[in-house]
Amino acid sequence: MEIIRSVAELKAKLEEARKNGSVGLVPTMGALHAGHLSLIERARRDNDTVVVSVFVNPTQFNNPTDLATYPRTEEADAALLRKAGVDYAFIPSVEEIYPEPDTRVFDLGPVAEVMEGAMRPGHFNGVAQIVSKLFDFVRPTRAYFGEKDFQQIAVIRRMVELEGFDIEIVDCPIKREADGLAMSSRNVRLSEEERAIAPAIHRTLEGSLSWAMNHNVEETKRYVIDELNSFPHLKVEYYEIVDALSMQPIKDWNDTKSAVGCATVFCGDVRLIDNIKYPERK
Ligand code: PAF
């Protein structure tokens, strides 16, 4: 595996790689865990060359404390990537990616206006900035994203459409700890006590599947919010049930064939997200 830090070198290497077949890109912000490794395994299976980027992108953080406390574990990340059979690890500095401020504003539309878009102003524009830059540098055949960040995938698809990239976006299932907690780089910031409570998020979302059989959308949202808020350390920021493509909140189960419940919950001061797919109503 080669570690590349400059955009010029990355472009040159990838120019060569593309001549020899397909290229898979896995964009990450590092602090790698088994969730990332599952994306990399998939990219490895699908492509001749695999590139993983490790870059904590400042433009997608609307909270300076969140950016400052985001875990950075470059040495451990590089070791994991080497073991996973990655060809190129792109680990640039902030100056390399943003030699000057990126002032682009993407017309991301309704998919970016709700949930994370409403709670974290500018977040998705920052994601679109960095992912479009990475797509431009790497020009991958396919790019891999985890479904934990369910709304992010919809936003990236929209950016791909806006920019006219010919890149297949591959969404990969959420990877969970044995107790059900969705894997996240932020989990390391949970105290022992918070870590013990955090799996209640997935358990509650799962529990809502049977509740939803006999209750309407509003009642199901209420059930999840009340249940989660009843645990010590947990505080729901939002729970929305949305159409899986448009990300727009539904009012009735029959409004969509694929409803997804998206939760953002503070566990102490760590902001965790998770989601669950509700079966189609016949
Ligand atoms: O999901 C993430 O880790 C980030 O938002 C991404 C896609 C790597 C862009 O910085």
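Numbers here are sequence positions counted from 1. We count ligands from 1, going down the list as the structure has it; atoms in each ligand are counted the same way. Just so it is clear, the structure is predicted and the values come from calculations on it, not from any experiment.
- Taking a cutoff of 4.0 Å between a charged side-chain nitrogen and a carboxylate oxygen, Arg5 and Glu74 qualify as a salt bridge.
- Ion pairing between a basic and an acidic side chain is recognised when a charged N comes within 4.0 Å of a carboxylate O; Arg158 and Glu161 show such pairing.
- Neither the backbone nor the side chain of Ile156 comes within 4.0 Å of ligand 1, counting heavy atoms alone.
- Close approach to Gln152 involves these atoms of ligand 1, each under 4.0 Å from a residue heavy atom: 1 (O), 2 (C), 4 (C), 5 (O), 7 (C).
- Nearest protein neighbour of atom 3 (O) of ligand 1, counting heavy atoms only, is Met29 CG, 3.7 Å.
- Residue Ile130 approaches ligand 1 through these ligand atoms, each under 4.0 Å from one of its heavy atoms: 9 (C), 10 (O).
- Each of the atoms 8 (C) of ligand 1 lies under 4.0 Å from some heavy atom of Pro27.
- Salt bridge annotation for Glu206-Arg203: absent, with no cationic side-chain nitrogen under 4.0 angstrom from a carboxylate oxygen.
- With respect to Asp66 and Arg186, a salt bridge is recorded, a charged nitrogen being found less than 4.0 Å from a carboxylate O.
- Classification of Glu227 and Arg222 as a salt-bridged pair fails, no side-chain N sitting under 4.0 Å from a carboxylate O.
- The nearest heavy-atom contact from the protein to atom 10 (O) of ligand 1 is Gln60 OE1, 2.6 Å.
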